[in-house]
Amino acid sequence: MKTFENISLKEYNTFGIDVKARRMVVLEPGDDLSGKWKEERGKLLVIGAGSNMVFTKDYDGTVLILNGEEVRMDGLFVRAWGGMMMDDLVQWTLDNGLYGMENLSAIPGTVGASAVQNVGAYGAEAKDFIERVEVYDLQERCHCTFSNADCQFAYRDSYFKHHPNRYLILRVTYRLSREFVPNLGYKALEGLPHDTAQQLREAITEVRWQKLPRPEEHGSAGSFFKNPVVDEATYRRLREQYPDMPEAHSVTQPLSYTVTYKLSAGWLIDRAGWKGRVQGRAGVWPKNALVLYNADGCTGDDVRALAKAIQQDVKQKFGVALDPEAIII
Ligand SMILES: Cc1cc2nc3c(=O)[nH]c(=O)nc-3n(C[C@H](O)[C@H](O)[C@H](O)COP(=O)(O)OP(=O)(O)OC[C@H]3O[C@@H](n4cnc5c(N)ncnc54)[C@H](O)[C@@H]3O)c2cc1C
């Protein structure tokens, strides 16, 4: 365990926003968790790789970071340390003849956050593979394990997301397959080479970076907004008004049996005229309207102001509310 005081978080968030934390505690596999780093003012923030966070001010508390790598295989099960990079884990699984997570290639961030965010891409989500999640309960100060069902996964959502900074996710176990069955249902994957899982992984990685800012060039948090889910009447109204709007799949809600539609937030933002625009020192990525980026040394307030302007405009033009996927601190 290492402790740092008054440390810049610039290297700990992919937006590259330069704020400070009063204290940082870095834990590695095998470290004792029994409260040595207990924060006297009780303010704790768990950071993975900071790839879904926007800092708007200095953090007057302790940030907890998991460092290092540890991964074990037991049959079809892979148990990985929460601080390991998710993309390194995907490569590790392929190197060890375990398949399934190819479509999650090149998603920035850690194994721990994959269970918080239920990360997803190209028709696959972490929840499809997560068997169990081992946590340290920072409130009750004990270890416990969540099954997949306990995690209450939904679109970019989980039980953990609704209890922020209570559970430190130490290890996630994924259940994979010995058989490679390419998951090519998603339109953007049509025609990609897929003789081997490695080939598909590399092709997906290439496709992804064509539409996203490279972190070493421009900071971002990936998709800034969630795709909004609307009722049938709203969907029909918009389709009539905007025949060029992409068709959305309908989803029947399990309890109420009402039908909802998930719209493309990127299309709404693009259609509202925001793609490529820069406001202050933050901008909307020219190749992907869903991504807000650090145009030139931006602050969290620049990002927040741009996001708010987009939300207001989309609401006014389409009557649809956009919720951020990124976590604003
Ligand atoms: C260029 C780019 C592309 C992206 N593309 C995608 C994509 O295709 N699909 C997708 O789903 N996401 C995408 N994202 C978002 C991001 O990769 C995910 O949200 C990822 O899970 C964040 O991981 P992280 O480790 O950086 O988490 P952070 O941003 O550090 O944290 C996210 C949340 O998880 C919590 N958390 C993190 N680690 C732990 C832990 N060990 N225990 C408990 N809580 C924890 C934090 O407190 C916070 O609430 C993208 C981001 C970028 C920058």
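Sequential numbering from 1 along the given sequence is applied to the chain's residues. As the structure lists them, so they are numbered: ligands from 1, and atoms in each ligand from 1.
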Exercise for the section: Please indicate whether any nitrogen or oxygen in Thr14 is less than 3.5 Å from any nitrogen or oxygen in ligand 1. Expected result: no

Practice task
Using distance alone, with no hydrogens and no angle criterion, decide if Thr173 and Arg79 have a side-chain donor and acceptor under 3.5 Å apart.
Solution key: no

Problem - Close-contact set for ligand 1 against Leu168 heavy atoms, below 4.0 Å - result: 42 (N)

Problem - Beyond-backbone contact of Ile269 with Leu290, side-chain heavy atoms, under 4.5 angstrom - result: yes

Practice task
Could you list which atoms of ligand 1 come closer than 4.0 Å to a heavy atom of Asn165?
Solution key: 47 (O)

Practice task
State yes or no: are the ring centers of Phe146 and Tyr167 separated by less than 6.0 Å?
Solution key: yes

Problem - Element-labelled atoms of ligand 1 that are located less than 4.0 Å from some non-hydrogen atom of Thr110 - result: 23 (O), 24 (P), 25 (O)

Problem - Min side-chain heavy-atom separation Phe77-Arg72 under 4.5 Å - result: no

Handout entry: Considering all heavy atoms, the nearest Thr145-Asp150 contact
Key = O-OD2, 4.2 Å

Practice task
Report yes or no: does a heavy atom of Phe160 sit under 4.0 Å from some atom of ligand 1?
Solution key: no

Practice task
For Ile47, take its heavy atoms, then give the atoms of ligand 1 lying under 4.0 Å from any of them.
Solution key: 30 (O)

Completion exercise
Heavy atoms of Ala121 and Arg208 approach each other most closely as CB-NH1, 3.8 Å

Problem - Atoms in ligand 1 with a heavy atom of Leu212 nearer than 4.0 Å - result: 3 (C)

Completion exercise
Given the options Thr93, Asp88, Asp95, Gln91 meets side-chain hydrogen bond (donor to acceptor under 3.5 Å, both in side chains) only with Asp95

Completion exercise
ligand 1 to Arg156, heavy atom cutoff 4.0 Å, flagged ligand atoms 10 (C), 11 (O)

Exercise for the section: Check whether any N or O atom of Gly50, backbone or side chain, sits under 3.5 Å from an N or O atom of ligand 1, and answer yes or no. Expected result: yes

Handout entry: Aromatic ring proximity Tyr122/Tyr186, centre distance under 6.0 Å
Key = yes

Handout entry: 4.0 Å heavy-atom contact, Gly109 with ligand 1
Key = yes

Practice task
Give the residue, atom name and distance (to 0.1 Å) of the protein heavy atom nearest atom 31 (O) of ligand 1.
Solution key: Met53 CE, 3.6 Å

Exercise for the section: Say whether Gln316 and Gln312, considering side chains only, have a donor N or O and an acceptor N or O under 3.5 Å apart. Expected result: no

Practice task
Run the contact test for Lys161 against ligand 1 with a 4.0 Å cut-off on heavy atoms, strictly below, and give the result.
Solution key: no

Handout entry: Protein contact to atom 9 (N) of ligand 1 [nearest heavy atom, distance to 0.1 Å]
Key = Gly120 O, 2.7 Å

Handout entry: Val116 N/O under 3.5 Å from ligand 1 N/O
Key = no

Practice task
List the closest protein heavy-atom neighbour of atom 33 (C) of ligand 1: residue, atom name, distance to the nearest 0.1 Å.
Solution key: Ile327 CD1, 3.6 Å

Practice task
Among all protein heavy atoms, pick the one closest to atom 41 (N) of ligand 1 and tell me residue, atom and distance.
Solution key: Ile169 O, 3.1 Å

Handout entry: Closest contact, heavy atoms only, Pro246 versus Ser264
Key = CG-CB, 4.5 Å

Handout entry: Interatomic distance, Ile107 atom CD1 to Met85 atom CE [nearest 0.5 angstrom]
Key = 13.5 Å

Problem - ligand 1 atoms in contact with Leu66 (distance to a heavy atom under 4.0 Å) - result: 41 (N)

Exercise for the section: Take every heavy atom of Ala221, measure it against each atom of ligand 1, and state whether any distance is under 4.0 Å. Expected result: yes

Practice task
Identify, by atom number and element, the atoms of ligand 1 in contact range of Gly222, meaning under 4.0 Å from any of its heavy atoms.
Solution key: 2 (C), 3 (C), 4 (C), 50 (C), 51 (C), 52 (C), 53 (C)

Practice task
For the pair Lys275 and Asp270, find out whether any cationic side-chain nitrogen is under 4.0 Å from an anionic carboxylate oxygen.
Solution key: yes

Handout entry: atom 22 (C) of ligand 1 [closest protein heavy-atom partner, distance rounded to 0.1 Å]
Key = Ser51 OG, 3.5 Å

Handout entry: Pair Tyr293 and Phe15, ring centroids less than 6.0 Å apart
Key = no

Practice task
Would you check if there is a donor-acceptor pair between the side chains of Tyr261 and Thr234 at a distance under 3.5 Å?
Solution key: no

Handout entry: Short N or O distance, Arg208 and ligand 1, threshold 3.5 Å exclusive
Key = yes

Practice task
May I ask you to identify the nearest protein heavy atom to atom 20 (C) of ligand 1, giving residue, atom name and distance to one decimal place in Å?
Solution key: Pro108 O, 3.5 Å

Exercise for the section: Kindly confirm or rule out an N or O of Ser223 lying under 3.5 angstrom from an N or O of ligand 1. Expected result: no

Exercise for the section: Give the residue and atom name of whichever protein heavy atom lies nearest to atom 27 (O) of ligand 1, and the separation in Å to one decimal. Expected result: Ala113 CB, 3.3 Å

Handout entry: Asp87 vs Ser105, side-chain hydrogen bond (donor to acceptor under 3.5 Å, both in side chains): CA-CA, chis, key distance, verdict
Key = CA-CA 6 Å; Asp87 191 47; Ser105 292; 4.7 Å; no

Fill in the blank from the handout: Nearest non-hydrogen protein atom to atom 18 (C) of ligand 1, with distance, is Val119 CG1, 3.7 Å

Handout entry: Backbone or side-chain N or O of Gly48 under 3.5 Å from ligand 1 N or O
Key = yes

